[in-house]
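This chain uses plain numbering: 1 for the first residue, then up along the sequence.
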Amino acid sequence: MDWRWTLGLSIACIATYVFAGWRRARPSTPLKVRMAPWLAIQAIAAASLFMLAVHGANLAGFHTGQQQGVAGYSPN
């Protein structure tokens, strides 16, 4: 995935996060059931944005995570 996809998906995650926050903050109507779990949608968008930020850091040349695989495991 290159920069265009990463930035496009990041913008989509930010828009989803803001929209879900707006919908969650609206006053509730007592006789109407909310059909979408806006807090869960907001949390998923935030987690996706975090993963895209780490991916963007990797694309920029920063190395994140272990480079050798599972701790001490060698396939040889």
Side-chain angles (χ1 to χ4, degrees):
M1 208 165 49
D2 62 348
W3 278 107
R4 290 178 293 175
W5 278 99
T6 304
L7 292 175
L9 289 173
S10 296
I11 291 170
C13 284
I14 291 171
T16 303
Y17 182 85
V18 169
F19 178 73
W22 172 73
R23 290 288 299 196
R24 190 170 65 93
R26 292 178 65 192
S28 62
T29 307
L31 299 176
K32 192 172 182 184
V33 178
R34 289 187 182 190
M35 297 302 291
W38 295 113
L39 182 61
I41 293 170
Q42 203 172 13
I44 290 169
S48 300
L49 185 60
F50 176 74
M51 288 186 275
L52 285 166
V54 171
H55 180 65
N58 286 329
L59 286 176
F62 297 101
H63 297 287
T64 59
Q66 279 187 334
Q67 301 300 321
Q68 298 158 354
V70 179
Y73 175 75
S74 176
N76 295 330

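- Considering every non-hydrogen atom in both Gln42 and Gly21, the closest pair reads NE2-CA, 3.4 Å.
- Considering all non-hydrogen atoms of both residues, Cys13 and Ala45 come closest at O-CB, 3.8 Å.
- For the pair Arg26 and Trp22, the distance from NZ or CZ to the six-membered ring centre is under 6.0 Å and the angle to the ring normal is within 45 degrees.
- Atom CZ of Arg24 sits about 13.5 Å away from atom CZ of Phe19, to the nearest 0.5 Å.
- From Ile44, atom CD1 reaches atom CG of Leu49 across 13.5 Å, with rounding to the nearest 0.5 Å.
- The cluster map of Ile, Leu, Val, Met, Phe, Trp and Tyr, joined by side-chain heavy atoms under 4.5 Å apart, puts Phe50 and Leu52 in different clusters.
- With contacts defined as side-chain heavy-atom distances shorter than 4.5 Å, the pair Ile41/Thr16 qualifies.
- The line from OG of Ser10 to CH2 of Trp5 is 12.5 Å long, rounded to the nearest 0.5 Å.
- At a threshold of 4.5 Å between non-hydrogen side-chain atoms, the residues Ile14 and Tyr17 do not count as touching.
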